[in-house]
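Take a look at the structure below.
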Amino acid sequence: MAIASLRDIVVTAGTFPLLAGVNLELEGATSYVVTGPNGVGKTSLLRLLAGLEAPTRGSGHVLNFDLATTQRRQVRRNVGWLGHEGSFYDDLSATDNLLFAARALRLDVALVAPALERVGLGGRLRTPVKLLSAGQRRRLGLAWLLVRRPQLWLLDEPYASLDDAGRDLMSDLINHATASGATVVLSSHDPVRRDVVASHIEMRGGRIERVG
Amino acid sequence: MAIASLRDIVVTAGTFPLLAGVNLELEGATSYVVTGPNGVGKTSLLRLLAGLEAPTRGSGHVLNFDLATTQRRQVRRNVGWLGHEGSFYDDLSATDNLLFAARALRLDVALVAPALERVGLGGRLRTPVKLLSAGQRRRLGLAWLLVRRPQLWLLDEPYASLDDAGRDLMSDLINHATASGATVVLSSHDPVRRDVVASHIEMRGGRIERVG
Amino acid sequence: MKKLTALILGPVALVTTLITLWMGYFVTPADKVQGELARLVYIHPAQAWVALYLSFGTATLASALYLWPRTRSVTADRIAAAAVEVSTVFIALTLITGSIWGRPTWGVWWVWDARLTSTAVLGVLMLGYLALRRANDDPLLRARRSAVFAILTAINVPIVHFSVVWWKTLHQGATVFTDNRHLKIHGSMAWTLLLSFIALSLDFAWLVRARYRVGSVSAANESADLEAALEARRTEAGA
Amino acid sequence: MMRTAYLVALKDLRIELRSRVLLWQVLPFGLMALVLCGLAVGPDARQQSRIAPGLFYLVVTLVALLVINRSSQIESPRGTRTSLLTLGLDAGGVFLGKAAAMLVQLFATATALLFGTTVLLHVPVHAALVTLPIVLLATATLSAAGVLYGLVASSSSSSATLLPVLALPAFAPILIAGERSFSSLISAGSLSRWVLLLIFSLVAYGSIGVLLYGALEES
Amino acid sequence: MMRTAYLVALKDLRIELRSRVLLWQVLPFGLMALVLCGLAVGPDARQQSRIAPGLFYLVVTLVALLVINRSSQIESPRGTRTSLLTLGLDAGGVFLGKAAAMLVQLFATATALLFGTTVLLHVPVHAALVTLPIVLLATATLSAAGVLYGLVASSSSSSATLLPVLALPAFAPILIAGERSFSSLISAGSLSRWVLLLIFSLVAYGSIGVLLYGALEES
Ligand code: HEM
Ligand SMILES: Nc1ncnc2c1ncn2[C@@H]1O[C@H](COP(=O)(O)OP(=O)(O)OP(=O)(O)O)[C@@H](O)[C@H]1O
Ligand SMILES: Nc1ncnc2c1ncn2[C@@H]1O[C@H](COP(=O)(O)OP(=O)(O)OP(=O)(O)O)[C@@H](O)[C@H]1O
Ligand SMILES: [Mg+2]
Ligand SMILES: [Mg+2]
């Protein structure tokens, strides 16, 4: 069964169409790379899939939840999101942030410490998130995905601002996720790394031009 | 003459040393790439060179202005800075932002429109900056450098979130800048592109390990 | 039927308003105590009724309909917005006519009477609603937020009302104008008063309808624009 | 729902403990505002004692605005409200949790301010002590309403200025009720109806919050 | 310097025009605060007329806090204060420009509020008219001081709560001077010394701002 399917979806911001009619089917246990020039709508597509934007027109399902209704909240709950800005509390430390989120979603709290260690934040456990460097913040997002183990991963330019070790880690995680049955959608400007096998979703002018 | 020279500079945030004793000489008309793992202090080094951080210890000059004194303000005025977040007014459009900045620094206002056209923002002249996509915001920063024509360019991960055309444009601009006598310092995690000739500055633990 | 209503609503509202004004000015007598100023009775109470009950009730109802998933529609949102806008105008008019009326008796433009104060507070709530609408440009978000705010305001109305009434009655013995408010109403005056309520209610309906029409026309324009915008977006090279 | 509420409240209080905004910024502001109100009223002490309850609640209302602002800012790091959003937590629980955390902060500040009022504006100590439970009730109402208005106003780029417009009119009855009941302890007057009014408001805001917070968080 | 000031002021006013925060948010807030003060003081009208000047200036001070907050927020997109900083503009000019833009906004709001005060709190109209120039003076002082305190507060992540603590003590003398001079027009009292105090504060803040704004922007 398709893990997500979008039909003729238009998303507008004010009067401007961020997405201008998107059709898409995502299979389980696969990774997808969304590509396209700047401003084409990659971030908007990922936000739509995460249940963070409501469609103005068209219909769509993600993980069997209807995007057009209040089920969008359920989508958010079940999706792993890694964005540009990071969605953490600036004043709390990395550990506190993950502990709060894990407890709130009734996940295994014991996973937090190893996850932080794994992404290389072992030396910054008590530093408030606002003081972390760009790459460290991205790594914290990664750690959250490790704790979260979502069924659908949505990664907006995950490789940006990561160093080489971080990129390898990221690729590992993506491969691991698809191997264990999850679906990964990432946007990227870099040519996809050879170590990640993925279908391409090419966007142009707020629409999807080609999948394959 | 060296365009910048730092001697044993320490920069602290609270009690934490962002930079732990940096020595560096930058020549004119050259480009430098700062590399190193996440959290090593690349952004901090660029901020120091931009006059945005004050040294806690050590001494340094940038463009003949002393970093330890109030001349830091002069540094800021004469340096071109392209950061992660972009330093524009969110509520104003791209054009209004550049016009304001150009007028304030008595630059040629006629350069604004062509610069925006050149970086590919011709179709977003009236959109408030807060609505631009990540790459478009980066491109706006580029446009500002085109208007600004500074003597020292400081680019924090300039290739991140740019598409291929944008990267080519960026490389062009960097080469053009060094050719016309300016100095460019950029931080990057990507292996530096072949089309840009640059010396490497390798950082490790808040210090510079190797230049060359 | 709908068409007919649309056709005659404006003219009927206009004519009843004119008749009210004519009767208020020329047919009914001036008051012995208050003189010509008493004629405000044919406009002020009706304004207050429209502002506080009719339009606010409409806005609350429409907002509740919007929040209830089964009845959610753009129409409800638009009607709520139109009703609040019109209501703001009527509240302003109520305050103005009331002040003009009260000035000779009180010697000042404003007293901290319960009814006056609660009207003012409600007026600010309406302004808040409009400010909230302006501050969001995403239509869905705006509709949701302003509907919730309207509901919050609705539960506030009784709270504001009782608090202000009690606040007043505790400290103050004799109210200045309870006597003055007791106008002797008879004959033509009663009819004119009744007519004024009908006339202003019709005016309200007319204005809301007009505002609603403006809203839906600009929305229609927007969706026509959306087609054009979609086309433009699709052919964009990307930047 | 209760679990979510508990976790959210704990998290908000922990952030507060880390940043110490309450102790170093909100409380001094409250005291300053109290002094300023005293100055605005003029130096006649007898008059001051009479309007002390009003000034106290005026200042509590202003403090509440600050705390609300801060509490809703926490949820929007860098302008994008994605933290609790992306978790998709139980909305009623989030509402209760944030309100509880706000109540703790507001009540603590209000108690300190009440003490300040007795000293600065010559209120009898016993009146202040007796009114403390009502202060608790009033701050609870302010918190429940505050979380709602904070969310309604948030995410607009100018939420810091929008919030006061939306919230102040709604706070007016709470202010009156608090002031009247406090005054009734100093001079005379009926107390019970004001307490009832506060209880009614608290219940109204509380239930609306639990029901509608989710609808607000959407989109 | 003047050129920079002009450009900065124009930019700030343009941003204000785009967002219309003043008209839709600050002004209604001011009016509501005025009503709230009326409620807090109690229903006795005679008393109200006497403390009207104080309440007016209290509300103007609160409004000033909002406007200052907004004005310094503009300079820190996404939390990092780098916009005017990286331009390295003439600091004195930036200070004057921001203060001028703030003065325009504050004075416009204050005039509207003054009108509100005459109506709601029964101030004689002639007194209000005569006091208008002093209101101009007071708002100018508030603006000059406000830009400085806004900058000091903006470095902290919780600037919205820090600002009031820093600014209120400094605003107290301005509030007193305004209130006393306004009162002296209604009842009796000396006017000139308060005007002198205001002029002195304005000159002091103005020159400190022009001289030290740069030093403050550092760090
Ligand atoms: C700014 C001043 C005033 C305001 C805001 C105001 C507001 C209101 C409101 C809200 C109502 C409707 C109340 C209800 O139906 O429950 C009302 C009704 C009325 N007002 Fe006023 N009013 C003002 C001044 C006056 C004055 C000065 C007079 C007469 C001397 C007056 C006479 C009346 C009368 C006769 C009614 C209708 C009968 C009644 O319900 O008492 N009003 N006003
Ligand atoms: N109100 C508006 N008016 C005009 N254009 C708008 C408006 N709001 C958003 N946009 C445009 O919508 C697009 C948003 O695209 P999105 O952020 O999804 O791009 P992206 O593919 O992620 O780009 P990038 O590679 O730069 O991150 C941008 O082109 C932006 O300029
Ligand atoms: N108060 C603090 N306590 C502990 N560490 C701190 C504190 N403040 C800053 N840091 C650390 O200082 C470093 C800042 O580095 P900087 O932002 O310059 O890194 P960078 O080289 O640009 O990294 P990236 O490649 O991720 O952008 C980070 O490692 C951060 O964790
Ligand atoms: Mg993007
Ligand atoms: Mg960095």
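What you see is a predicted model, and the numbers here were worked out from it, not measured in a lab. Atom set for the values below is all heavy atoms of this structure, side chains included, hydrogens, waters and symmetry mates excluded. Every chain is numbered from 1, with letters handed out A, B, ... down the list of sequences.
For F95(E), the ring pair (Phe, Tyr, Trp, His ring centres under 6.0 Å) partners at least two apart in sequence or on another chain are Y213(E). In terms of the side chain to side chain contact (heavy atoms under 4.5 Å, CB included) criterion, residue partners of A172(E) (sequence neighbours excluded) are, by chain and number, L36(D), L39(D).
Note that CG of L105(B) and OG1 of T4(E) are 8.5 Å apart. Values are rounded to the nearest 0.5 Å. From D12(E), atom CG reaches atom CZ of F100(B) across 8.0 Å, with rounding to the nearest 0.5 Å. The line from CG of L99(B) to CG of L10(E) is 11.5 Å long, rounded to the nearest 0.5 Å.
The 12-atom threshold is exceeded at CZ of R3(E), counting heavy atoms of other residues, nucleotides or ligands nearer than 6.0 Å. Atom OH of Y6(E) sits in a sparse spot, with 12 or fewer heavy atoms from other residues, nucleotides or ligands closer than 6.0 Å. The number of heavy-atom neighbours closer than 6.0 Å to CD of Q74(B), taken from other residues, nucleotides and ligands shown, is above 12.
Between D96(B) and R14(E), the shortest heavy-atom contact is OD2-CD, 3.9 Å.
Contact annotation for A54(B): neither backbone nor side-chain heavy atoms come within less than 4.5 Å of a heavy atom of chain E. Both the backbone and the side chain of R106(B) come within contact range of chain E, each with at least one heavy atom under 4.5 Å from a heavy atom of that chain.
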